[in-house]
Amino acid sequence: MFNKAFDRRIHIFLGCFMASATIGVAFGLYALWPPNLETGFEPQQPIEFSHALHAGVDRLADGRQGMGIPCLYCHSEATKGPHATVPPVDTCFKCHSQVEGKGPDGGPHPEIAKIFDAMESKKPIEWVKVNDVADFVYFDHSQHLLAGMDCTECHGDVQNMHRVKRDASLKMKWCLDCHTQAPTEHTSELYARQNLRSAIHCSACHR
Amino acid sequence: MSETKKHGIQMQHWNPLPAKAENFEEPSGLSRKESLKFMGASSALALGLSGCKRKPVRKIVSATESSEVQKPGKALYYSSTYTEYGVPYGIMVKAVDGRPVKIEGNPEHPLNKGKTTLQMQAGVLSLYDPERLQKPMKGNTEAKWASVDADVAAKLKSSKRTVIVTGVNVGPSAKALLKELSRVAPNLTHVSYDPLQNSEAANLQTKLFGGEGEKVYLPSKAKVVFSVDADLLGSDLRSLEWTRDYAESRGESGDGKLNARWYCAESGMTLTGINADHRLAQKPSNMFSLLRAIRLAIKGQKAALTDY
């Protein structure tokens, strides 16, 4: 614009600026939207546990009948505390100490064998957390269950999932879609009787 | 110095500085401006790379065996003791998922009755002190328990005399262990020592009132509390008991009267002085004379109080 030397320096400066902006945007996309916090996250778990077989009620494609175990049989802490908890291995062992299952080659089922391994070695199973929220969010399952909510409202149709998939976004906007509404017919008698509303003040979740 | 006259003002020009000093060298490398630019850019880059972290995939690791009491996210309360200045106070430790997070007093303990001191509240941090000993160490290197045990056993066998230094308050389980140790260790001497303890006060109290050990005072049962250069509510080693009872005793009894009247003679302003009903500012050198005058006054010579 003014002289060659100045133009050259301006171009270098703009080039650096655009490069850093591109890097910044790319890094932002990488860091701010990890796949484990997005809808559709369906990771492989250490044991191929099928909710459709255990919790479902329909007949599966391979002919086996879903067993219809209720959610709270295994995820028993959901009504008692903040975490719904994945059950400890001995909950699986309650049935599978008797149920050996047959693997595809006729021998013992490899996935069930993993339960036995865990029980013997006392090494717990490291499940991948599917329905995860950000670290600055406090979510309490028991409050929501006491208010009368059903598990499928947030976790989707787990009864028909072979591998657990993140069905809802579980982001703040999605939470507020429900929290800003009046109680529905789902709302438990406890909440309705006391005319309780779901919290929308910041420190309810951001403690 | 050359002088000129300009506009009627006399100006003096000093000799100008030489163009370059004799030993002047051009600085090599970056100029100050450039080096500042580089520092700024590199620090921004470093901060950016280290500050932002992608949230990693989280694992849920539940136990292999379920516990009836230990539930995730639920607090469990454990009672324990915290020995401060040689006195074991009862505490309740709140632990979440096996990790202690808060210390409160045990309301059933006769000494502190649910109250804590600063050190007890901060004591929970000592559990997470990054410099705490986490593994057995020999000098500055990590060692295994087996080798440490072997070393100590060998030394015990080969020594003629053993001395064990413990804190002042040794509980029944520690006492039993020491007894067992004295059976194998030759010539065992047990030394009880606490760097901060009220041993002088305890000795004096034993001399004056008999009985063994330190006495705990309950100002709620007193009519008058007179503190002479003693910050009972603040820096005293027994300030927990004093403060707790002070708080209880200053409440109104049924007839609307205060239970105890507090007097304080001290030099610098302390918590005790500011909370006392009457405060007498005295030089520390005067304290002894004051006490002597009060003693004489009690005996009947009231005149002693006017000049001491």
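Naming: A, B, ... by sequence-line order, numbering from 1 per chain. None of these values were measured; they are calculated from a predicted model.
Of the atoms belonging to Ile125(A), it is backbone heavy atoms, and not side-chain ones, that fall under 4.5 Å from chain B. Contact of Pro82(A) with chain B is made through the side chain alone, with heavy-atom distances under 4.5 Å. For Lys55(B), the parts lying near chain A are the backbone and the side chain together; criterion is any non-hydrogen pair under 4.5 Å. Residue Pro87(A) touches chain B through its backbone alone, counting heavy-atom pairs closer than 4.5 Å.
Remark: Lys74(B) does not engage Glu77(A) in a salt bridge, criterion side-chain N to carboxylate O under 4.0 Å. With salt bridges taken as basic N to acidic carboxylate O contacts below 4.0 Å, one links Arg58(B) and Asp135(A).
For Tyr128(B), the OH atom sits in a packed shell: over 12 heavy atoms of surrounding residues, nucleotides or ligands are nearer than 6.0 Å. The number of heavy atoms from other shown groups lying within 6.0 Å of NZ (Lys94(B)) does not exceed 12. Around CZ of Arg99(B), the count of heavy atoms belonging to other residues, nucleotides or ligands within 6.0 Å does not exceed 12. Within a 6.0 Å sphere centred on NZ of Lys94(A), heavy atoms belonging to other residues, nucleotides or ligands number more than 12. Within a 6.0 Å sphere centred on CD1 of Ile200(A), heavy atoms belonging to other residues, nucleotides or ligands number 12 at most. Atom NZ of Lys144(B) has 12 or fewer heavy atoms from other residues, nucleotides or ligands within 6.0 Å. Under a cut-off of 6.0 angstrom, the local environment of CE in Met172(A) is sparse, with at most 12 non-hydrogen atoms contributed by other residues, nucleotides or ligands. Around CD1 of Ile274(B), the count of heavy atoms belonging to other residues, nucleotides or ligands within 6.0 Å does not exceed 12.
Contact count against chain B (heavy-atom pairs under 4.5 Å) is highest for Pro34(A) among Gly24(A), Pro34(A), Ser121(A), Gly81(A).
Taking all atoms of both residues into account, the shortest heavy-atom contact from Pro88(A) to Ala63(B) is CB-O, 2.9 Å.
Among Ile115(A), Val89(A), Asp90(A), the single residue meeting the side-chain contact (heavy atoms from CB on, under 4.5 Å) criterion with Thr64(B) is Val89(A).
Annotation: the span from Ile60(B) atom CD1 to Glu126(A) atom CD amounts to 11.5 Å, rounded to 0.5 Å.
Counting only heavy atoms from C-beta outward, the side chains of Lys122(A) and Glu65(B) approach each other to under 4.5 Å.
With hydrogens and angles disregarded, a donor-acceptor distance shorter than 3.5 Å links the side chain of Asn36(A) to the backbone of Pro56(B). Looking at Arg54(B), its side chain does come within 3.5 Å of a backbone N or O of Tyr30(A) through a donor-acceptor pair.
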